[in-house]
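Remarks on the structure that follows.
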Amino acid sequence: MNEYNPQEIEQKWQQRWQEAKTFTASDDQASKQYILDMFPYPSAAGLHVGHPEGYTATDILSRFRRMNGFNVLHPMGWDAFGLPAENYAIKTGVHPDKSTHDNITNFTRQIQSLGLSYDWGREIDTSSPEYYRWTQWMFLQMYKNGLAERKKAKVNWCNTCQTVLANEQVVDGNCERSKDPVIQKDLEQWFFKTTQYADQLLEDLDTIDWPEPIKLMQRNWIGRQEGIDLSYDIDGSNEKIVAFTKFPETNFGATFIVVAPEHPIVRSITTPEQEAEVLAYVERTAGLTELQRKENREKTGVFTGRYAINTLTGFKMPIWVADFVLANYGTGMVVGVPAHDERDFEFAQKYSLEIIRVMKTTDGDESPVTELSQVDHNGAMMNSDFLNGMDAQSEAKTAMMDYMEKHGLGKRVVFFNLRDWLISRQRYWGAPIPIIYCDEHGEQSVPEDQLPVVLPTDVDFRPTGESPLALSKTFQDVSCPTCGQPARRESDTMDTFVCSSWYYLRFCDPNNEQEFASPDKLKQWLPVDMYVGGAEHAVLHLLYARFFHKALQDFGFIPKEVGREPFAALRNQGMILGEDHQKMSKSVGNVINPDDVVNEYGADTLRLYEMFMGPFEDTKPWSTKSIKGVRRFLDRSWSAMQQPAGIKTTPDLQKTLHKTIKKVTNDIEQFKFNTAISQLMICLNAISANPEFVDEQTQRSFLQLLSPFAPHLAAELAELQGYGQDLFASWPKFDETLTQDDSVQVAVQVSGKVRGTIELSPDADEASARLVAEANENVVKHITGKEIIKVIYVPGRIINLIVKG
RNA sequence: GCCGGAGUGGUGGAAUUGGUAUACACAGGAGACUUAAAAUCUCCCGGUCAUUGACCUCGUGGGUUCGAGUCCCACCUCCGGCACCA
């Protein structure tokens, strides 16, 4: 018998598959499956064990679908632009293009050593001019259609990275990458108007098969809220206060107004007496970072000297400026109802503003509100004229909104949390934004036939806060597309998330030089049927890609037939922790390198182990000991499958085989790889117990079932046994009747407690089941002398005898 | 604070969705083969008490039910997201 030598056979089969182009997708079949991994950023650290988890899952699914007759598109590529390569260049002087491509070479070697069935003919690299040419082209389409816009705005700035960041890239007030505090800067920047798609991005979530928690996170991020913009006259001014609120029903209790310091109205309404104080406050708060604002929870504010009139009550509401009101949320102005809002209460208390209760809260309290714990906005209205007695959150809210709209005092509005996507980056290693500025003609698109705008090489990477491209002579020498006079190029590059927002489209037609992808090819493959990756992309990448898909479809570049969503189904792999149950990290020293595992145990063992560890979506710790058990299973499969096939099988073995076919088939569909593997182990145990009764059919089926998980081993055994590789052109079928047991163990309960088990046919009737149960020796002593008053019988599961006395 | 997810043997985890809790593995114990070890194979393996058996056990405490890991209520712990959001 041959020795199982994984390193040898794995290399051999990988080579054969590559030479035979076994996994090349063809573009002309109807039953398609597009199975996609989130493509990796090729970091210098190489592959970590988290990568193969997702890649193995999609590989199993791809091989399984192919065996079931599907035409599968399963590609791989590189999300190659990004800050780490540039930071590395600053430190070492190695050009990002070089380090990135060295890393890609290493990643390719590592990924290929796992025997994954990618169609390498479709490999893409977002940093190649052939790719980013289309990234730039897409920017121009966004521009042409009014979805890309340059505007001055308060933006997030990271001092360490020396660049602006998107809203989504700010985590707890810190830069997602450097973890350093983000400060606010007023800058002119490029935005994609994601907000124009807020409604659709929200609604279409209902049409896709994604994990509910991920959908919920997107819903919360988009943050749709219904409310009303209330207008108030200002005493002694022609301007108006417009305040957004979700709780207009409390408006009889409104006693003051607060405006964000950044709001332009502050300057125009402040009275001369208050001017100095207000300006000083505005200046002081403007300099604060997000973090400082967050740390300083103590409310501060300054009176503008002006009053707005509460139309309902005639109350003169003082207008204050305070930084707890955010300029970019709602209208940047808030109506203060201190009795029924905690923030308003704190502010009113600090500055001795009037507090009027307008609700008997759910705890029955209707005394004056003097403590924070009394503040609540649920209950029955009081002190509120026509609202009195109504429930605050239902009747009263609607009645008040109706009243306000009818009298021209307010307008119902829908407000979203989502902001436009800031895509400019003052960095080098990204796709240049294809815009030219001319003194005479202003902002100009680079003509499409001049794409790509190639990244120059004569560049100093060191971040100065200005884009490195601005300092390149060769890059800046350009003439205006309209008048031909000297002009200058936009020197910012695009956020790398722009590149990754459309790569799934390029895989459909990766070598097309006329279009980013032809409509026919898009029609052939879209949408992605299964998309797999880490949950860290819950909002960023997945939201942006959805936005791109919708926008490009509306521009007419993606056929309508493929639907409004790019990823029909999504699964997230769980994180793999170190053996110490800690997050893997270099500094802790608990990092497992996939190369080492492949060298020691083989790729099939690594694949099988990562799938066997636990549920796909769960976080789970690595265990070097457990991996040996998986290798043992492959060793035993290796020797069992090399036995000469027996003439006939046993009914028991056949039953186990058919149960296994059924379970493995269903489990793969449901991403329950761990239980699929345990069933394969059960099957092998049965095979090993009856070596002389393992017939050819059993061997063939077992190898077929094993092949998506351990493809090299299965291929080698098929060859050794003379079954040929055609074996893997089909998936075994199970016979439902052969998966049924003839007799089953049924538990006998007496008054709900298990007292014994009996053997019965699964369709035995209650009378005969009861007869056998009552005769069971372990049961008898619990029922003698007692009356059986009720019997509950679940065929094939339990029989429960309820006794009295 | 608000919104999600999770809590099962010494360990990773199973449990046909309300029906015999601990499948499949790992670790551990005993034995076989071996001069020996490794490898391999066979058996045992949640806890307490005990004579054949009984009782307890799925984060904690209640509840619904003939029957609850699974459903309901309250609470505890861990992980993830959001957060002066009007």
Side-chain angles (χ1 to χ4, degrees), chain A residues 171-173 211-221 223 225 227 230 243-248 250 258 260 293-294 296-300 322-326 328-337 341-344 346-347 377 415-417 535-536 538-539 574-575 579 581 583 609 612-615 617-630 632-633 635-636 639 663 666 672 674-685 688 744-758 778 781 789-803:
Chain A
V171 178
D172 289 335
E212 274 312 314
I214 301 288
K215 288 198 201 177
L216 195 62
M217 278 166 69
Q218 292 222 353
R219 284 191 191 106
N220 291 339
W221 189 264
Q225 7 221 343
L230 300 177
F244 173 75
T245 180
K246 287 192 282 187
F247 306 101
T250 59
V258 189
R293 273 202 182 196
K294 211 156 270 183
N296 181 20
R297 285 243 156 190
E298 178 78 7
K299 301 266 177 304
T300 59
D323 70 349
F324 78 85
V325 173
L326 308 174
N328 52 10
Y329 187 87
T331 57
M333 307 186 209
V334 167
V335 52
V337 184
D341 180 282
E342 292 190 9
R343 273 186 342 269
D344 294 350
E346 284 174 11
F347 192 73
H377 57 248
F415 180 77
F416 291 90
N417 249 349
E536 66 273 16
V539 274
M575 211 195 334
E579 293 212 67
H581 291 228
K583 210 171 159 170
Y609 171 63
F612 185 61
M613 288 172 86
E617 309 218 338
D618 285 10
T619 300
K620 41 209 175 283
W622 188 267
S623 162
T624 304
K625 280 176 177 162
S626 295
I627 202 167
K628 289 185 179 149
V630 170
R632 211 170 288 161
F633 165 71
D635 284 333
R636 295 206 298 130
S639 46
K663 180 145 182 68
N666 293 337
K672 290 164 74 174
N674 56 332
T675 51
I677 292 166
S678 82
Q679 184 63 40
L680 285 169
M681 289 171 168
I682 291 170
C683 189
L684 180 68
N685 289 344
S688 309
V744 284
Q745 299 280 316
V746 171
V748 183
Q749 297 184 340
V750 178
S751 292
K753 292 214 172 216
V754 179
R755 296 301 180 185
T757 53
I758 54 175
N778 292 319
K781 56 189 166 193
I789 54 169
K790 195 178 173 188
V791 176
I792 290 141
Y793 175 52
V794 183
R797 309 254 38 127
I798 59 124
I799 180 161
N800 192 358
L801 311 172
I802 316 299
V803 295

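These figures come from a predicted structure and were not determined experimentally. Per chain, numbering begins at 1; letters A, B, ... match sequence-line order.
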Query raised in the report: Angle class for the A:Tyr609/A:Trp622 ring planes (parallel below 30°, perpendicular above 60°, tilted otherwise)?
Result: perpendicular
**Report entry** Chi-angle category of B:rU17 [syn within 90° of 0, anti beyond]
**Finding:** syn
Report task. Scan A:Leu680, A:Ile677, A:Thr675 and name whichever one has a side chain to side chain contact (heavy atoms under 4.5 Å, CB included) with A:Phe612. Result -> A:Ile677
Query raised in the report: Which one, B:rC84, B:rG12, B:rU20, comes nearest to the side chain of A:Pro621?
Result: B:rG12
**Report entry** Consecutive-pair stems (at least three Watson-Crick or G-U pairs, under 3.5 Å) that include RNA chain B
**Finding:** B:1-7 with B:76-82, B:10-12 with B:24-26, B:28-32 with B:40-44, B:46-49 with B:53-56, B:59-63 with B:71-75
Query - Proximity to the side chain of A:Asn800 - top-ranked nucleotide from B:rC66, B:rG53, B:rC85 - result: B:rC66
Query - Listed nucleotide nearest any side-chain atom of A:Pro615, set B:rC66, B:rG13, B:rA86 - result: B:rG13
Requested in this report: Would you mind classifying the nucleic acid contact of A:Ile792 as base, sugar-phosphate or nothing, using non-hydrogen atoms under 4.0 angstrom?
Outcome: base
**Report entry** Atom NZ of A:Lys628 with >12 non-hydrogen neighbours under 6.0 angstrom
**Finding:** no
Requested in this report: Using a heavy-atom cut-off of under 4.0 Å over every strand shown, decide if A:Lys583 touches base, sugar-phosphate, or nothing.
Outcome: nothing
Query raised in the report: When you check every protein heavy atom under 4.0 Å of nucleotides 21-26 of chain B, what one-letter string (B, S, -) results, 5' to 3'?
Result: --BBSS
Report summary line: Base orientation of B:rG29, chi within 90° of 0 counted as syn, else anti, reads anti
Query raised in the report: How far does the P atom of B:rG4 sit from the matching atom of B:rC75, given to the nearest Å?
Result: 15 Å
Query raised in the report: If you look at every strand shown and take non-hydrogen atoms under 4.0 Å, does A:Asp341 touch a base, only sugar-phosphate, or nothing?
Result: nothing
Requested in this report: Assign A:Ile798 to base, sugar-phosphate, or nothing according to its heavy-atom contacts below 4.0 angstrom with the strands shown.
Outcome: base
Query - B:rC56 OP1/OP2 closer than 4.0 Å to side-chain N/O of A:Lys753 - result: yes
Query raised in the report: Using a heavy-atom distance cut-off of less than 4.0 Å, which residues of residues 330-337 of chain A contact RNA chain B?
Result: A:Val334
**Report entry** OP1 or OP2 of B:rU52 under 4.0 Å from side-chain N/O of A:Lys781
**Finding:** no
